[in-house]
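Remember, it's 1-based here, ligands and their atoms both numbered in the order they're listed.
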Amino acid sequence: MKSTAAKAKTAPDRDLGSSVTDLIGNTPLLRLSRVCPQANLYAKAEWYNPGQSCKDRPALYILNEAERSGQLKKGLTVLDATSGNTGIAYAMICADRGYPVTLCMPASVTPARIKVLKAYGAELILTDPILFSDGAILKARELYAAAPEKYFYADQYGNENNWISHYETTGPEIYAQTAGRITHFVATLGTGGTFTGAGRFLKEQSKDIQLIEVQPDAAFHGLEGMKHMESSIVPPIYDARLADRKMAVRTEAAYRWVVELAKREGLLAGISSGAALEAARIVAAENPQGTVVTVFPDNGLKYLSEHFWDDNL
Ligand code: PMP
């Protein structure tokens, strides 16, 4: 018997889409009532995007605008530096649209990320892990300088469409999902696109909304996807004056919260989500009457090979 009741229990139907890009955005906002029972703390589960991270949004905006302006056309290869998730998003969208993709990324990214990228057909150039994402950025610039006629260099660190995607989608979604009640927005920094874009939108809704950015506490860290700005090439799109407060998180604290999220909330989140939670819990504890929202950039499947899981599986 086909049960309509069973159907009604599933998530609201998304509109019928004609391609994978129609599934990008409108991710759920989850209350974290077990790891933060004392306060209203919510996380946006960005792995509900089809490429399973927040980076589907900027990748789509960057590629759409490049096609519209004529910078990207058939025959060109999409080129960029990535710590993984933006690359996955480019590779997914370009598989759908028929563009080849070349990605420069630190050799230290998890094996699962590399396999996903290869599954979508991307060409990978692995760079010195000691240099983190800066090594990948320098390699992408070098490839582009040597053959500009061959590539569309997407340049997620300098491309305004990165933060604009979050200004037009992530920010408005959070504001609507909290019915305008958000008091604090906490986000990790990689390119700075999520923080700058969603943060600018939220500040425009109310200047009382506090914007808190989260960085690794040291140049050498295990927070994949995040950047320690002081010791890195600062992304041109990152607005350093926007934050009301800047927080630094230890890698081990992030690992701990990743494990806690899985065991206590049933959420298998990525490492930067653990970093976001470490900071957001502090903000929530200080503001028990507030509504604190953070972003969980991706899920934990790609990180199960990381050693912090060894004693916790
Ligand atoms: N966490 C992860 C896992 C990421 O891949 C990224 C993007 N590099 C971020 C956090 C930071 O996002 P943004 O680039 O928007 O600052």
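By the 4.0 Å N-to-carboxylate-O rule, Glu67 lies close enough to Arg97 to be salt-bridged with it. A salt bridge does not link Asp80 with Arg141: every distance from a Lys NZ or Arg NE/NH1/NH2 to an Asp or Glu carboxylate oxygen is 4.0 Å or more. Between Glu123 and Lys118, no side-chain nitrogen of the basic residue sits less than 4.0 Å from a carboxylate oxygen of the acidic one, so the salt-bridge criterion is not met.
Checked by atom type, the side-chain pair Thr291/Arg181 shows no donor-acceptor distance below 3.5 Å.
Side-chain atoms of Asn49 come within 3.5 Å of backbone N or O of Glu46 as a donor-acceptor pair.
When side chains are defined from C-beta on, Met229 counts as touching Pro235, because their heavy atoms get closer than 4.5 Å.
For ligand 1, residues of the protein lying within 4.0 angstrom by heavy-atom distance are Lys55, Ser83, Asn85, Thr188, Leu189, Gly190, Thr191, Gly192, Gly193, Thr194, Glu224, Gly225, Ser272, Pro297, Asp298, Tyr303.
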